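Below: the structure, in structure tokens.
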Amino acid sequence: MDERPIGLLTDSMPQLSSPAFGETGDKSADEAPVIRLVNHILSDAVKRGASDVHMEPYEKEFRIRYRIDGLLEAVMTPPLRLRDAMLSRVKIMAKLDIAEKRMPQDGRIVMNMVHQGKAKQLDLRVSVLPTLHGEKIVMRLLDKEQLRLDMTGLGFEPESLAKFQKAIFKPYGMVLVTGPTGSGKTNTLYSSIAQLNKEDTNIMTAEDPVEFQIPGINQVQMKEQIGLNFAAALRSFLRQDPNIIMVGEIRDVETAEIAIKAALTGHLVLSTIHTNDAPSTISRLMNMGMEPFLVATSVHLICAQRLVRRICQTCKAPDAAPPEVLIDAGFTPDEAQSVTALKGAGCEVCGGRGYKGRIGLYEVMETTEEIRELIFKGATAAELKRKAIEQGMITLRRSGLIKIREGLTTLDEVIRETVA
């Protein structure tokens, strides 16, 4: 926690440029301590590899936290007297109404900066939410260089990747990616689309927001305030002669109905939905009011995913976990005798955390004829899961155990993110 006077905080802060300042030629304004402090927070977040920056006002403190590799870390508590000025500065940069402090607002900042000796453009999604002691601001850092469009580098097991690629290369049907916020669903969908992006293919996407712009793809930003939502966009897409449609999220019955109809009429539909695992997605769709026969015939594959932290390769060391603990986690008794779990000791490279970067865990369920029959009969998620495992589905927990065996992550990470 840094409680130094603001003058000391700003001595060596790098300068960033944004459309919101630096255009007037007023150098004295650019050098203002608050501006330099906000710039420092953003450039430091990039340097540390943060995915989100949280600016949180409380009664007696103002806290800055970064989300690094999925976990929040407190990095600074600026003086409380700077709270309003710093929050207003971010709102100005995001072109938001600084006088409006009662309603949530969303904006965007595009910044140019120099990182590791090269110029880069940084895109930030800004969310402002009124709380009891002032406005909380969360900025998501969207770094195009961090977007992996090569599916082989995401963390799929070879057999799961083969099933996924087979489904996305079908001419029609629906492929759903499921998982909580921040589990890498967008990256998986963009990677899929990058593979399908050919000159002879018309790809349309409805996104809220458009996180990354990809040449050759028709991307549409949702605007709820004027009635442009996922359902409205989907209806228009079907009149635009599409081959492939990507819907940011299936949130309601209307969107689900149109997406299923599109999948049944010769279009490949890619989308996300919020469920805990792949089999429970079928139950979720039916709870939304979809008929079992429509779900069974339209959904070709469901992929559930989570992100876990990678062990730092510089300081990894054996973890003295007894075989009983490994068996409880899901390893067979034979595997528990041969597997050596690892952990990160902590070093300069990983900032003492023992982890550096993240990798995906994937559960890929194909809708085979047997699973279709179960869906027609109204089977539960547990019955669907049993049948899928019988047919070779790797569960999220099993995907995690494979990553432990390969020395990519730790037992604690897999237990934290998956259930046995």
Side-chain angles (χ1 to χ4, degrees), residues 150-170 172-179 183-185 188-189 191-192 195 263 268 270 272-273 275-286 292 295-308 326-336 338-339 359-409 411 414-415 417-420:
D150 176 10
M151 297 203 78
T152 57
L154 296 178
F156 277 97
E157 279 68 43
E159 50 268 57
S160 296
L161 182 59
K163 287 178 187 174
F164 192 92
Q165 289 184 318
K166 179 181 159 193
I168 64 172
F169 280 104
K170 287 183 177 176
Y172 58 87
M174 189 184 288
V175 174
L176 293 172
V177 181
T178 179
S183 59
K185 300 188 296 293
T188 302
L189 286 179
S191 302
S192 308
Q195 280 198 321
L268 177 67
L270 307 173
T272 71
I273 191 166
T275 57
N276 289 327
D277 58 11
S280 60
T281 304
I282 300 293
S283 306
R284 170 91 177 103
L285 286 169
M286 291 200 275
V295 174
T297 49
S298 62
V299 178
H300 286 180
L301 181 135
I302 302 163
C303 171
Q305 66 181 79
R306 298 289 187 279
L307 286 177
V308 292
L326 296 174
I327 290 167
D328 285 345
F331 284 109
T332 65
D334 288 343
E335 286 173 334
S338 60
V339 167
I359 191 166
L361 308 182
Y362 294 90
E363 175 177 287
V364 176
M365 187 179 91
E366 246 184 330
T367 313
T368 59
E369 285 303 321
E370 292 91 337
I371 286 177
R372 276 198 189 93
E373 289 295 325
L374 287 174
I375 296 171
F376 283 134
K377 293 174 186 172
T380 64
E383 291 169 326
L384 291 170
K385 186 172 185 175
R386 274 196 296 274
K387 175 57 73 175
I389 291 170
E390 271 177 41
Q391 296 182 339
M393 179 181 83
I394 296 171
T395 62
L396 284 167
R397 174 55 68 92
R398 188 66 199 168
S399 179
L401 298 179
I402 292 168
K403 303 290 191 303
I404 291 170
R405 193 173 63 204
E406 292 172 350
L408 296 172
T409 191
L411 195 58
V414 171
I415 291 170
E417 286 292 340
T418 64
V419 292

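Note that the numbering runs from 1 along the sequence shown for the chain. Side chains included, hydrogens not; waters and symmetry mates left out as well; all remaining heavy atoms used. These numbers were taken from a predicted model, which means no experiment stands behind them.
- The shortest non-hydrogen separation linking L154 to I359 is O-CG1, 4.0 Å.
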Quiz item: Could you walk me through whether I302 and I273 pass the side-chain contact (heavy atoms from CB on, under 4.5 Å) check?
Solution: CA-CA 10 Å; I302 302 163; I273 191 166; 6.0 Å; no
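- F164 and F156 have tilted rings, their planes meeting at an angle from 30° to 60° on a 0 to 90° scale.
- Taking both residues in full, the closest heavy atoms of E417 and V308 are given as CG-CG1, 3.8 Å, listed atom of the first, atom of the second, then distance.
- Judged as a ring pair (Phe, Tyr, Trp, His ring centres under 6.0 Å), and not counting sequence neighbours, the contacts of Y172 are H300.
- The minimum heavy-atom distance linking G184 with L307 is given by the pair N-CD1, 3.9 Å.
- Screening E335, E159, E157 against R398 for a salt bridge (Lys or Arg N to Asp or Glu O under 4.0 Å) leaves a single residue, E335.
- How far OG1 of T380 is from CG of L374: 9.0 Å, rounded to the nearest 0.5 Å.
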Self-check item: V299 and T281: CA distance, side-chain angles, deciding distance, side-chain contact (heavy atoms from CB on, under 4.5 Å) verdict
Solution: CA-CA 10 Å; V299 178; T281 304; over 6 Å; no
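- Of the inter-residue distances, the one linking E363 atom CD with M393 atom CE reads 4.0 Å to the nearest 0.5 angstrom.
- Put simply, the side chain of S280 never gets that close to the backbone of T275: no donor and acceptor are under 3.5 Å apart.
- N276 and R306 get closest at one heavy-atom pair: O-NH2, 2.7 Å.
- Here Q195 contributes atom CD and I168 contributes atom CD1; the two are 4.5 Å apart, rounded to the nearest 0.5 Å.
- Looking at T178, its side chain never comes within 3.5 Å of a backbone N or O of A304 through a donor-acceptor pair.
- The two residues V414 and L401 make their nearest non-hydrogen contact at CG1-N, 4.4 Å.
- Between the CG atom in D328 and the CG atom in L411 there is a gap of 9.5 Å [rounded to 0.5 Å].
- The existence of a salt bridge linking E406 and K403 is excluded, since no basic side-chain nitrogen approaches an acidic carboxylate oxygen closer than 4.0 Å.
- Without hydrogens or angle criteria, R397 side chain to A329 main chain gives a donor-acceptor distance under 3.5 Å.
- The shortest distance between side-chain heavy atoms of T367 and I375 falls below 4.5 Å.
- A side chain to side chain contact (heavy atoms under 4.5 Å, CB included) with P279 is found for one member of K387, M365, E383 and no other, namely M365.
- Of the possible donor and acceptor atoms, one in the side chain of S399 sits under 3.5 Å from a partner among the backbone N and O of Y362.
- A distance of 7.0 Å separates CD1 in I404 from CD1 in I415, rounded to the nearest 0.5 Å.
- The line from CG of L161 to CE of M151 is 6.0 Å long, rounded to the nearest 0.5 Å.
- Under a 4.0 Å N-O distance rule, the pair E366/K166 qualifies as a salt bridge.
- Annotation for Q305 and S183: closest pair NE2-O, 2.8 Å, computed over non-hydrogen atoms.
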Quiz prompt | side-chain contact (heavy atoms from CB on, under 4.5 Å) between I389 and R386, worked out | solution = CA-CA 5 Å; I389 291 170; R386 274 196 296 274; 6.0 Å; no
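- Annotation: side chain of L270 is in contact with side chain of S192 (closest heavy-atom distance under 4.5 Å).
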